[in-house]
Structures are given as C-alpha cells and as structure tokens.
Trainee: 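I have a structure I would like to understand better, so I am pasting it below and will then ask my questions one at a time.
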There are 2 protein chains.
Amino acid sequence: MVELSNTENQPGGAEAMDGELLSRAERRDQQIQRILDAAKTCFVRSGFQGASMQQICAEVGMSPGALYRYFPSKEAIVEAICEADRQDDMTCFGVLRGATSAAEGLVQAAMAHITHTSMKGSAPLFAEMRSESMRNEAVRATVDGHKGEVAAMIEPLLAEAIAQGEINPVVELPVLMAVLMSVGEGLAINDLPARGVPLDKLEIAFRAMVEGMLRPIKSTPAAE
Amino acid sequence: MVELSNTENQPGGAEAMDGELLSRAERRDQQIQRILDAAKTCFVRSGFQGASMQQICAEVGMSPGALYRYFPSKEAIVEAICEADRQDDMTCFGVLRGATSAAEGLVQAAMAHITHTSMKGSAPLFAEMRSESMRNEAVRATVDGHKGEVAAMIEPLLAEAIAQGEINPVVELPVLMAVLMSVGEGLAINDLPARGVPLDKLEIAFRAMVEGMLRPIKSTPAAE
DNA sequence: CAAATGAGAGCGAACGTTCGCTTTCTGCGG
DNA sequence: CCGCAGAAAGCGAACGTTCGCTCTCATTTG
C-alpha cells in the first residue's frame, strides 16, 4: 500500500542519467547490463548457488517479474556472466600478437591477466567459475573454450621457439602448454597483488621462471 | 507402519563387516567417518551449497535425525571435510624434510601433491574449497592455515638456497614463495594427469621450470 | 489502442533443521 | 544368569523459511 514514487528505474523513462534519449533496444541492452553487473556482485559475494534471485533483484532494484523479462532463468544469468567474464579476460592476451619472443610474450600476457583479474576484483568469480565448471556443462564449455582460445594464441609462439632451439628439448610442447596454462590460472586465482605482492616484483619472479624454463641448457653436453 | 528389518546399519549391531566387535566410541567414530565420506561424495558432485542434507543422508543411508546426532549443522560437516582434506594433503609435503636440494625438494613435493590430488579425485573438492574460502571465514582459515604450514616447510629450504647463492638474486624470497605456492595450486586444481598429461612428462616440465627459476644466471655480468 | 514494461503477490517445491517416538545397547542389582 | 532402567542411536514426519519462478495487473510508450 505504500506508494514508492521512485523516480529512477521507471519502465518508460527511456532516458539515462545524462538525460539522453534511448531507443527501446538501447534501453533493453542497458537493463541487461545492469542485471549482469548486479548479478556479478551477488555471485562474487555469495557464489552461484548461494546467491538468490531475490538478492539479485534487490541489487538491480528490479522486481522478479521484470528481471525474468530479460533472462529466462538463473542459469542463463550464470552463463551470460561467465561468457562476459571470459570475453573480458581475452583482451589480456592481445599482447601475444607481435611479441618479440616467446618468453616475453608469456610474461606480458600473464602480467596482463593477473593485473586485469586483480583490478577488476574478479578472482572470486574466477574461482567460482572454475569450481562450477567441474559439474556444470555450460560453464565447463565456456571455461574450456576460453582456455582453448588462449592456448591457440600461445602455441604458435612456443612452437616457433622450439623450432629455433630456444626451449629445453626435454620438455614437450603439449605438456609445456598445460603447465603454463595451469600456472597462469593459479596466479590469477591467488590474486597476489591483493595479498601484498607488488606487480613489479611479481613480474621479476615470473620472468625468471619462464625464462628459466624456456632457456635452452646450452652447457648440457649430450642433448641427443 | 512398514517394518523395515534392515540387517545393516542397525544401531546396536556393534560389529563391522568383518564381524569385529566395537565399543560405542569406536562405532561412533566409524559413523562419523561414514558421514564424512558420503558428504565428500555429495560435495564433489554438487558443491557445498548445491548438496543438500537430504542427499547426504541418502548417501550415508541415515535419517536426518540420526545424522544430526553427529554434526550440529551442515556448516560443521563442511568444516570437518575441509579440515580432513587439508590434513590429508599435508602428508604430501613430508618429502620436503631431508630434500637433497631446494629444487629437488620442490619438485618431489609438487609431484606428490599433484599425484595425491589426482589419485584421490579431490581436485573438484579443492576447487570448491578455494572458491568457498573467498566468502566463508572458517574455510578460509583452514585453507590459509594449510598454506601457512606448507610455506613454513618450504621457506627454510629456499632461504638456505639463497644463502648459498643458488637462486637468481633478482627474485625476493617472499615473492618466490607466493609464486611457487600459486603454481602448486594451479597444477593441483587442473588435475593434469586426469587430462592426459603423464606424470613423468609433467615432472620433467615442472623440474625444468623450477630449476630454471632457481638456477643462478652465472653468465649474467652485472649481478650488482 | 496494442505492445511493452515493471511491481509485487503468490506458486509449489525444496531447503536446513527439529521434534516425538521407537529400537537397541550397556551397566547393574538381584 | 535374568530383568530392567537409562543412555545412545535412529527414524521419518513436519517445522518455518526460502528457493526459483510465474501470474496478475497497473502504467507507460509509440
């Protein structure tokens, strides 16, 4: 019975905060984005299963009926969030194109990944995705797809380094790939910048590791 | 009204499958273990929040009322599982004592950790713990406690290696520790043995990485 | 006016937990 | 040895709550 005359979020407002008029489609996209942002906040706070639709509705400032006009189910929101996070994360690996060397490309990509994850505070979401991917087919597909894309960018770099004898020949390419991808995940999940490890020192340590791993052991006599 | 004459799991059976007589306390401990095993199965299958008490009850073959005689809440079961898993995992790091070198100790410990996690199929549980630790205070304490114990075993090994000039001096000890712990986590969560990476090849690649990271770059001129 | 949009009440189901009651084990006086 | 009282253990219905989701209806837009 209480009349809430909330001037914001009225259905037909058709304008954003800056007063700009928006078309229906634009307004719809904007609402979808608001829902995704709010849902991400809730999922980071409580996990995919722990966050309820009511909490998400409260975070958006929207009723359940309204929210269900934009997403058919909670699962659909989860998938959209994972997909968006995945695409967002992919931007970190653009540095791999045009890398001067395999080692430097890996270092730059990893640092971009770590920095991006830390700054956006999405380490909890990433951990949640990783955990959910072990039982949720759609999330697993998203995660694996992302890893596949990253791997496809790293692999030619390493393959060329191998061809030029720049990598310790006892290490096989697929294994090297798997280890590097796992290492990147571990670093991203742990969010070391947030735990007091400065980015520059982290880069130094990571570079030492990568260069050490890739550097051919020239002093070793019998490589055959 | 239906009389279920289930000959198994009778309260006063006072004997295990092998017919051995058990005291009350022994039987109680045995029941607690059965509950933990069943709960772990459910948590791996559905996650901490996704698994219901009813599912756990069904898995144990016990009624809710009976189960609540052993644990006061679902949360208590989660904490007990995390604590047990943590203690179980600690056995992997015994190889650190008496390691011939820092690098070899790290390799052996990491391989033991990876093998243990993979063989026990506890990578999903580990991922779940890692995710839950970001919002659950008790789980976080357990995870951090575990990491602290492992770190306490690794640190003196690395400190001695540093003192003997066996580690690239540009890398600081705390940063090195943080990176190595993160790498170990990443490898454990990814469960590479289950994804087709043989343990021996994994060990070769990991050893190359660790030795490369620790090996001092003697050829580098200006170390100052 | 027809279509679109959103608020909010409400649905059945499932949740974690508790309750009343029965069965079984244990220790003890006889 | 027996019989019995109390503790321990278990059962399963039911609690109140919250879940994901749907429905109704008022309001706005083009």
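By convention in this document, chain letters (A, B, ...) are assigned in the order of the sequence lines, proteins followed by strands, and residues within each chain are numbered from 1.
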Trainee: Tell me which residues in residues 64-79 of chain B lie within less than 4.0 Å of DNA chain C, going by non-hydrogen atoms.
Mentor: Pro64(B), Gly65(B), Tyr68(B), Ser73(B), Lys74(B)
Trainee: Between Arg28(B) and Gln31(B), is there a side-chain donor-acceptor contact under 3.5 Å, judged purely by atom types and distance?
Mentor: no
Trainee: When the distance from CD1 of Ile32(B) to C1' of dA8(D) is rounded to whole Å, what number comes out?
Mentor: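 Whole-Å distance recorded here is 13 Å.
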Trainee: Going by atom types only, do Glu104(B) and Gln108(B) share a side-chain donor-acceptor pair under 3.5 Å?
Mentor: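 Gln108(B) and Glu104(B) do have a side-chain donor-acceptor pair below 3.5 Å.
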Trainee: Kindly say whether Gln87(A) contributes a backbone atom to a donor-acceptor pair with the side chain of Thr91(A) at under 3.5 angstrom?
Mentor: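 No.
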Trainee: So, is Arg28(B) close to the dA9(D) phosphate, meaning a side-chain N or O under 4.0 Å from OP1 or OP2?
Mentor: yes
Trainee: Distance check, rounded to the nearest 0.5 Å: Ser131(A) atom OG versus Phe126(A) atom CZ?
Mentor: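 Those atoms lie 12.0 Å apart.
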Trainee: Once side-chain contact (heavy atoms from CB on, under 4.5 Å) is applied, do any residues pair with Ala103(B), and if so which ones, sequence neighbours excluded?
Mentor: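 For Ala103(B), the residues satisfying side-chain contact (heavy atoms from CB on, under 4.5 Å) (neighbours in sequence not counted) are Ser101(B), Val210(B), Glu211(B), Leu214(B).
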Trainee: In this structure, how many angstroms lie between the C1' atom of dT17(C) and the CD1 atom of Ile56(B), rounded?
Mentor: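 Rounding to the nearest Å, CD1 of Ile56(B) and C1' of dT17(C) are 13 Å apart.
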Trainee: How close or far is atom C1' of dA8(D) from atom CD of Gln30(B), stated in whole angstroms?
Mentor: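 Between C1' of dA8(D) and CD of Gln30(B): 16 Å.
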Trainee: Check whether Gln49(A) reaches the backbone of Ser46(B) with its side chain - one donor and one acceptor, N or O, closer than 3.5 Å.
Mentor: yes
Trainee: Nearest whole angstrom, please: distance from the C1' of dT26(C) to the CZ of Arg27(B).
Mentor: 14 Å
Trainee: Will you find, in the side chains of Asp29(A) and Gln33(A), an N or O donor that is under 3.5 Å from an N or O acceptor?
Mentor: no
Trainee: When you measure from every atom of DNA chain D, which of residues 39-55 of chain A have a heavy atom less than 4.0 Å away?
Mentor: Ala51(A), Ser52(A), Met53(A), Gln54(A)
Trainee: If you measure only the distance, is there a donor-acceptor pair under 3.5 Å linking the side chains of Asp88(B) and His116(B)?
Mentor: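 Yes - a donor-acceptor pair under 3.5 Å links their side chains.
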